[in-house]
Amino acid sequence: MTGNAPYQCIQVCGRFLFAAQGANIHSFSLENGNYLSTWKHLVPGTTDDETPAVDALGDFEACAPPTKRRKIGESPDEQTENGESKNSKSKSKSKPQSTYMIPDQPLINLLVSTLDGKFLVAVTSHDKVIRVFEHDGEGAIEQISQRTMPKRPCSILITPDGKAIMSADKFGDVYSLPLIDATESTTPTAVQSRRTTTPTLAEAKIAAAPAKTDIQYKTAATPLTVHTARNRVALENQMMHQASPTQKISKDPSILSFAHTLLLGHVSLLTAISLARDSRGRAYILSADRDEHIRVSRGPPQSHVIDTFCLGHKDFVSRLCVPENKPELLVSGGGDEEIFLWDWLNGRILARENILRRAKEVIPNIGKVAVSGLVSAFQDRHNTTVLSVTCEKIPAIFIYEIKEPCHFEFKTTIQLAGNPLDVYFLPADPRRLVVSLDMMDCLDAAPDVLQVIGLTPESDHAYPSPKIQTNKAPDTQTLPKDDIRKLIYTNEHLRKYEGEVADQGA
Amino acid sequence: MAGPPHKKQRREDYRASQREKGGAEMPQKKFYRQRAHANPFSDHSLAYPSTPDNMDWSGYYPEFVVRPQEEEDESQDEPENESVPLDKTAQQDTEDAEVITKNEIAVNPPRMRKQVEVADIGCGFGGLLVALAPVMPDKLLLGLEIRTQVTEYVQDRIRALRAKDPKGNTYQNISCLRANTMKFLPNFFRKWQLSKIFICFPDPHFKARKHKARIVSMTLNSEYAYVLRPGGVVYTITDVEALHEWIVGHFDAHPSFVRVTEEEQEADECVKVMRNETEEGKKVERHRGNKYVALFQRLKDPEW
């Protein structure tokens with residue numbers, strides 16, 4: 001790739017724009033658009049800061065239980081781009097199968113910052129690592145910690161007080177970790193003593209499975225509990241194995257070497273989490289999953305109490321947005337034709353808005369949409385709440401206002417030169433937003449893959465926006481286009497029975 | 001899949017002949033056997049309502065559907081309010097949600113005189129349901145099972161039991177549906193709707209890597225606490241000691257539950273039924289295995 005590699009996620013910190021391209025983070029000035037600096041993701045093996053992960057892997061391979069086996073390689077019809085043209089093929093199959101495979105390449109898929117912009121947190125999806133960066137206030141960042149999560153984080157946030165990270169993962173669990181991991185240590189004794197001081201859900205979980213690391217593997221079954229001949233043989237083998245002195249102590253991969261708290265969990269793939277406060281200032285965690293649920297749990301330390309569910313989506317939920325000036329409201333979107341407006345505390349639907357209709361105005365022959373971005377901003381001058389909605393592979397931004405009494409009012413469609421990957425309202429001037437575009441098919445040598453645009457043509461003229469100098473940033477992307485697309489377009493694959501839906505659409 | 005073709009054919013023939021007989025004959029288990037494990041993380045092709053308000057219970061409990069003339073009387077006496085003490089806010093919620101249901105979703109399921117109050121999660125071949133039906137004649141009991149064949153067996157079994165007694169009202173209060181409760185419990189039940197949840201002889205998932213698939217976990221217990229009203233009870237029984245320890249450990253550690261004392265446990269009639277009437281319980285009896293019972297009461301939510 002030269003010059004037009006996309007930035008899959010962006011984050012604005014005051015005057016600075018941080019944009020992740022592949023596994024690297026570039027920073028730009030929003031005042032004049034100048035390129036400032038780059039944080040480079042080091043390839044594993046070249047440094048020793050990757051050793052913990054490597055060690056862990058080695059351990060798993062050496063002893064039980066075996067890690068998950070993953071299919072490697074490409075099947076012909078995993079090409080997401082020509083999924084439609086493969087319909088005849090998928091029809092002939094008796095069972096719709098998920099053929100989507102993610103290339104195992106380093107990629108930052110989540111990027112957030114503290115409110116004061118002093119710290120950035122990024123997640124590299126391939127190795128499940130949460131990295132915390134310190135921002136020097138001049139656009140340069142330095143990594144201060146990295147923690148490997150048990151499962152791939154799908155959505156993260158930093159609490160408003162800037163003290164903790166909440167991470168929602170692919171296995172349905174939400175963890176809380178301190179932003180600054182002051183007590184980082186790899187010795188299990190230190191970890192355990194720290195755990196005993198803060199009894200929480202996660203600690204309780206460990207208590208429930210007493211000291212897994214210390215004891216020898218013990219078969220849970222007994223001759224009394226297995227009844228079939230085959231299982232009896234298996235049990236005998238296990239017991240023989242257990243008796244042999246060469247038995248290695250199994251290491252539980254779920255025991256993490258850093259401070260963490262399991263807050264809550266779904267039996268599903270989590271897609272988004274958000275924090276909100278009710279009128280009395282009590283914090284709640286809103287968590288959305290692939291199985292159409294939005295769960296409303298109390299904030300820590302009562303995150304085990306589910307207060308309600310926001311039910312009504314018919315397909316996966318992929319994005320949540322709590323407008324900062326209207327924290328009693330929640331906007332949600334996903335694989336449905338509509339986006340929803342909720343009174344989340346009572347689980348009530350307040351309004352729905354058909355987004356597929358708007359998307360069809362841009363690309364007429366589509367049959368479904370997957371919402372990939374929901375961001376809101378408060379324009380205090382007009383006392384309005386604006387909402388930007390983007391959908392996967394739809395080259396446009398749909399702008400709405402959230403009006404009293406609680407409905408969406410469509411304002412405008414901003415047509416773009418490429419598919420929007422991430423959108424961010426400028427905090428200093430919420431009439432403008434930064435958008436990152438997929439311009440990989442653009443023939444220009446260096447198209448504007450990061451743009452600052454106004455919501456209306458007037459605001460565009462009144463405040464000339466800087467041209468972000470992406471051509472000055474070092475080009476770090478080496479993957480072929482199709483692989484990049486597989487890595488950055490991940491929402492549509494949350495849909496169930498993909499084959500069937502595609503058939504209906506064709 | 002369903003095995004060799006002749007087996008599938010035999011099953012189809014059997015179902016057809018059962019239908020001809022009007023479903024009055026007790027089904028035979030051998031035509032409904034299915035592998036004992038199902039992957040709770042897979043999508044399957046499940047049918048479930050998007051909200052509890054959209055759930056149509058009329059086919060499951062036909063005797064409890066509100067008939068048109070009753071609907072008029074109901075405004076005066078409202079019998080279900082006595083048996084279903086919903087808290088005020090929850091009731092408010094459902095009323096408001098109904099307005100939305102009527103306005104925006106075309107689905108308007110028939111109204112029921114009673115709500116399901118007892119759930120048997122992983123009901124298997126339905127032994128517990130059938131045994132509990134006369135014990136709790138005034139409550140609606142629902143079995144939830146993830147395996148299609150087994151669900152069908154229980155449904156056919158209940159149909160046959162009902163048909164045997166056309167006049168009486170026995171077995172009208174039990175039913176069974178296919179569901180993955182680990183994912184979709186809140187789609188079927190409202191907050192605090194249930195008074196009892198039974199988890200009998202769940203899949204032990206011996207391998208450590210499969211522990212997340214266990215039906216009891218810290219995070220799932222929060223969902224049980226959501227559908228269970230304060231004071232409600234979770235009944236668990238298993239023949240695997242390690243799983244029993246796991247269950248006790250996880251419920252004990254969950255702030256919403258407290259273990260019921262042994263005296264109270266042994267005094268509970270449901271415990272006797274659970275020990276002796278479940279299909280798996282009988283099987284364990286035959287193999288002279290141990291049965292480990294534990295009951296947990298749902299506490300009130302702390303101040304917030």
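In what follows, every heavy atom counts, from backbone to side chain, and hydrogens, waters and symmetry copies are set aside. Below, read A as the first sequence line, B as the second, and so on, with proteins coming before strands; counting in each chain starts at 1. Please read these numbers as outputs of a predicted model, since none were measured by experiment.
- Under 4.0 Å is where a charged nitrogen must lie from a carboxylate oxygen, and between B:K183 and A:D289 no such pair does.
- For A:H293 against B:F184, the heavy-atom pair with the smallest separation is CE1-CD2, 3.7 Å.
- Two residues are said to be in side-chain contact when any heavy atoms from C-beta on lie closer than 4.5 Å; A:R298 and B:D301 meet this criterion.
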Mind running side-chain contact (heavy atoms from CB on, under 4.5 Å) on A:D307 and B:K191 for me, showing each step along the way? CA-CA 8 Å; A:D307 265 356; B:K191 186 180 186 180; 3.9 Å; yes
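- Of the two parts of B:E223, the backbone and the side chain both hold a non-hydrogen atom closer than 4.5 Å to a non-hydrogen atom of chain A.
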Could you give me the CA-CA distance, side-chain angles and deciding distance for A:L264 and B:M218, then say whether side-chain contact (heavy atoms from CB on, under 4.5 Å) is met? CA-CA 8 Å; A:L264 58 102; B:M218 283 310 282; over 6 Å; no
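- Contact check for B:N221 versus A:H304: no side-chain heavy atoms found under the 4.5 Å cut-off.
- Ring orientation note: the planes of B:Y226 and A:F309 are nearly perpendicular, at an angle over 60° on the 30°/60° scale.
- Of all heavy-atom pairs spanning A:L311 and B:P186, the tightest one is CD1-O, 3.3 Å.
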Step by step, would you call B:S50 with A:E292 a side-chain contact (heavy atoms from CB on, under 4.5 Å)? CA-CA 8 Å; B:S50 65; A:E292 306 99 31; over 6 Å; no
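- Most heavy-atom pairs under 4.5 Å with chain B: of the set A:H266, A:Q302, A:R295, this distinction falls to A:Q302.
- Taking both residues in full, the closest heavy atoms of B:P302 and A:V305 are given as CD-CG2, 4.4 Å, listed atom of the first, atom of the second, then distance.
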